[in-house]
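Letters go in sequence order (proteins before strands), and every chain restarts at 1.
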Protein chains: 2
Amino acid sequence: MRPNIHPSARVDEARLWDRHEQMAAIGGFVNEQGHRGVNRAAFSAEDIGARRLLIGWAKARGWAISSDPIGNIFVRRPGRDPDAAPVLTGSHMDSQPRGGRFDGIYGVLAGLEALEAMDDAGVETERPIDLVAWSNEEGGRYQPGTMGSNTFVGGYDFEKMLATRDGDGIELREALAETMSAMKDFAGDLQDRPFNFPIAACVEAHIEQGPRLEADNRTIGVVTGIQGIRWYLTKVFGRTDHAGTTPLRQRKDAVQATLRVIQGFNELMHDPDDVLRFTVARMFVRPNAPSSVANEVEFTVDFRHPDIAVLKERGDKLPGLAAELAAPCTVEMNEMMNMAPTVFPDELINTVEAATRNLGHPYMHLPSGAFHDAGYIAKVAPTTMIFIPCKRGVSHNEAEDATPADCAAGAQVLADTLVALANR
Amino acid sequence: MRPNIHPSARVDEARLWDRHEQMAAIGGFVNEQGHRGVNRAAFSAEDIGARRLLIGWAKARGWAISSDPIGNIFVRRPGRDPDAAPVLTGSHMDSQPRGGRFDGIYGVLAGLEALEAMDDAGVETERPIDLVAWSNEEGGRYQPGTMGSNTFVGGYDFEKMLATRDGDGIELREALAETMSAMKDFAGDLQDRPFNFPIAACVEAHIEQGPRLEADNRTIGVVTGIQGIRWYLTKVFGRTDHAGTTPLRQRKDAVQATLRVIQGFNELMHDPDDVLRFTVARMFVRPNAPSSVANEVEFTVDFRHPDIAVLKERGDKLPGLAAELAAPCTVEMNEMMNMAPTVFPDELINTVEAATRNLGHPYMHLPSGAFHDAGYIAKVAPTTMIFIPCKRGVSHNEAEDATPADCAAGAQVLADTLVALANR
């Protein structure tokens with residue numbers, strides 16, 4: 001090991017960008033506005049194409065390639081101690097149906113770039129470093145999403161996952177078998193890995209998928225955790241009446257009741273620090289006729305916060321508040337999801353911050369607003385994330401964009417962070 | 001003429017109810033809740049069946065039957081002066097696709113009952129009285145609605161109406177020819193009437209289609225006019241963003257902007273007298289995904305009032321207020337309909353009130369919240385309406401209901417009113 005050489009110095013912006021372009025061609029399309037999107041569902045021909053590219057690049061470096069039973073790919077850059085638990089880095093290669101060119105794939109390519117930079121810099125590490133490409137994070141073809149990472153940690157039952165079917169009725173078992181067979185062909189020697197093998201630490205690089213870094217002119221987001229979410233389905237029941245004949249005081253107008261309920265939620269959710277996320281974005285009105293007072297409104301509540309105490313206190317108040325404000329209408333409010341926040345360990349956050357400062361990149365601490373595979377790995381190993389800016393925070397959309405320089409900066413921070421962790 | 005005999009004394013509640021039952025069987029169905037509905041589209045086989053029944057009852061009395069070119073049926077009870085302009089009464093026999101047993105048909109049957117009561121009481125009038133059944137008030141199969149009455153007064157162009165097509169592409173010309181041919185068969189001697197012949201006065205009986213009479217325990221509504229309506233389509237444009245990542249202050253959330261706009265409209269439309277009708281009952285949210293901030297909300301505004309000054313003053317303020325409250329979202333607000341209120345003449349209102357008081361029925365004055373054929377006839381002749389209660393104000397619905405006693409009470413008021421008017 002040459003301790004004074006940081007592998008970040010050998011991160012190659014052009015090489016990394018060229019790989020983004022190669023990956024973007026697999027499932028790539030151009031939308032009406034001329035934006036280049038990607039449609040690369042997990043276990044599809046496009047996903048298999050992406051796996052082939054990644055395996056080819058790994059083979060060119062002579063790195064061992066392995067896979068666990070759900071098709072998560074691991075590429076190992078060896079450490080001095082072959083028996084030490086590896087440091088893990090990576091993300092996913094599948095996309096939303098009309099997804100962008102950076103969500104997920106950036107974390108895989110930045111990890112690959114970091115490993116190559118270590119080779120090019122002649123940096124050795126104590127622990128091995130495993131680059132991972134998690135299967136099916138997006139859940140586009142087979143649900144649920146984060147299938148690879150959450151099955152790896154035992155959160156999803158593998159046999160149940162195998163029995164899921166896509167929209168054409170094809171069992172995952174079948175699509176996965178095809179994918180595994182193709183990977184064996186590409187890799188030549190594809191080793192088997194078990195689920196949930198020991199991991200010393202995990203770092204996932206990702207585009208922010210939000211606007212904060214860009215708005216604050218920061219290149220790096222030092223991610224402090226993944227905020228928790230509570231997700232509710234709310235139904236407000238009123239009575240339909242003739243809009244021309246029924247006096248307003250005699251109505252049970254579900255639209256007006258919904259208005260009062262959301263206004264009350266807004267007040268409860270007010271946050272001067274603007275950290276809390278409260279969103280009503282899906283709504284159905286029934287019978288939805290201009291002259292028939294609504295007898296039902298259905299709407300969703302998406303409430304997120306990094307602090308579990310805030311999630312609990314404010315979230316628990318919602319159903320009672322809704323019932324009170326909706327009167328004389330009635331309310332049914334069902335919690336459909338409740339995920340506690342993930343808090344990343346200070347030691348890892350500090351390691352990322354130190355690497356960032358050393359490189360001189362402007363940065364900020366922030367929690368992740370979106371879910372990531374790292375949120376599941378955090379249940380079994382010390383984990384953190386590194387964010388880079390994306391244009392106007394747009395993601396899950398063909399307009400998703402990031403700059404070559406920011407992609408490279410994130411790979412630099414990742415490379416130096418991985419080396420620091422792999423030497424602990 | 002025997003001036004001391006009121007025909008109301010001979011109104012036969014059982015006969016009137018029996019005819020409701022016979023009419024309800026034509027196009028009748030029973031819904032999931034056991035309510036008996038009617039599906040009787042204009043110019044359908046069911047409509048022809050209703051026309052056959054009505055013509056049969058008229059023939060049994062020996063009254064002359066005539067029709068204008070759009071199939072409006074006129075049944076004449078002669079007056080002493082055969083050349084005098086008639087007093088008109090009636091309504092429509094078609095229904096909404098899932099309509100009730102009283103909307104429209106009640107006004108035709110109450111008119112028929114009034115004429116029969118006059119015969120049975122031996123009452124003569126100076127002017128003839130014409131019972132009318134207007135074609136296609138509901139606009140269920142052929143649009144627009146109020147086709148018969150508004151074509152009669154010249155508001156719609158007859159040739160344009162003939163060229164309209166139903167959902168199967170059948171021209172009204174064809175369906176109307178079938179209807180006319182069947183009516184000729186039923187009537188034997190079906191006379192031709194021109195559009196817009198002179199009318200001395202017009203009174204339409206109808207169920208209230210609102211809850212006020214029932215709520216106030218009144219049997220008769222003395223209708224003062226038909227309120228005006230302004231109808232707007234509003235589109236609020238924002239920007240879609242990730243619900244987990246985008247700080248609330250950076251959003252252009254079309255749902256939240258819509259909330260502010262409707263709340264502002266509520267304040268503008270506040271009416272301590274509860275006469276004003278303001279309704280938002282149709283709404284579409286886009287993209288309508290729980291975790292994607294809405295970039296567009298489309299909603300309708302239905303605003304009605306009997307006073308044209310109120311309609312103008314408050315209605316004109318809506319677009320500017322919407323733009324102000326929606327910021328930073330933008331708004332497009334288009335007025336789709338603007339119908340001035342109809343004010344019925346005091347003389348006719350007083351005649352109805354006098355008849356009602358004389359009969360001892362509890363009553364109240366009220367404007368009509370819904371449109372009626374009478375609103376169009378009011379453009380060419382002194383016109384008013386008589387309302388009876390309907391259960392909970394429900395109409396355009398299988399649950400629409402009225403009592404035999406209330407139906408008879410309305411026919412009594414109508415009979416005495418018609419005689420008073422026909423002797424002027």
**Request:** Look only at the side chain of B/Thr245 and the backbone of A/Gly369, and say whether a donor-acceptor pair between them is shorter than 3.5 Å.
**Result:** no
**Request:** Considering only heavy atoms and a distance below 4.5 Å, find which of A/Asp271, A/Leu248, A/Asp253 pairs most often with chain B.
**Result:** A/Leu248
**Fill in**
In terms of heavy-atom pairs under 4.5 Å with chain B, the winner among A/Ala294, A/Gly210, A/Ala281, A/Pro211 is A/Ala281
**Message:** Heavy-atom pairs under 4.5 Å with chain A - which of B/Arg392, B/Gln263, B/His242 has more of them than the others?
**Reply:** B/Arg392
**Message:** Under 3.5 Å, is there a donor on one side chain and an acceptor on the other for B/Gln250 and A/Asp274?
**Reply:** no
**Request:** Could you check which of B/Ser395, B/Ala215, B/Gly244 has the highest count of heavy-atom pairs closer than 4.5 Å to chain A?
**Result:** B/Gly244
**Message:** Any donor-acceptor pair under 3.5 Å linking the side-chain atoms of B/Arg251 with those of A/Thr279?
**Reply:** yes
**Item:** Side-chain touch B/Phe284/A/Asn288, heavy atoms, less than 4.5 angstrom
**Value:** yes
**Request:** Could you check which of A/Leu259, A/Thr300, A/Val285 has the highest count of heavy-atom pairs closer than 4.5 Å to chain B?
**Result:** A/Leu259
**Message:** Counting heavy-atom pairs closer than 4.5 Å to chain A, which one of B/Asp241, B/Val255, B/Thr246, B/Thr240 comes out on top?
**Reply:** B/Thr246
**Item:** Contact winner vs chain A - B/Val301, B/Asn266, B/Val297, heavy-atom pairs under 4.5 Å
**Value:** B/Asn266
**Message:** Quick check on side chain to side chain contact (heavy atoms under 4.5 Å, CB included): which of A/Arg277, A/His396, A/Arg304 does B/Ser291 satisfy it with?
**Reply:** A/Arg304
**Heavy-atom contact with chain A under 4.5 Å, split by part of B/Asp273** = backbone
**Asked** If you count heavy-atom pairs under 4.5 Å between each of A/Arg239, A/Met269, A/Arg286 and chain B, which one has the most?
**Response** A/Arg239
**Message:** Looking at chain A, which one of B/Ala289, B/Gly393, B/Pro367, B/Ser292 has the largest number of heavy-atom pairs inside 4.5 Å, strictly under?
**Reply:** B/Ala289
**Complete:** From the list B/Ile229, B/Val280, B/Leu276, the residue making the most non-hydrogen contacts under 4.5 Å with chain A is B/Val280
**Top contributor to chain B contacts, counting heavy-atom pairs under 4.5 Å, from A/Arg260, A/Arg249, A/Met283, A/Gln227** = A/Arg249
**Message:** Using a 3.5 Å distance criterion without hydrogens, assess whether the side chain of A/Arg282 forms a donor-acceptor pair with backbone atoms of B/Pro287.
**Reply:** no
**Item:** Choice from A/Ala370, A/Ala254, A/Ala243, A/Pro290 maximising heavy atom contacts with chain B below 4.5 Å
**Value:** A/Pro290
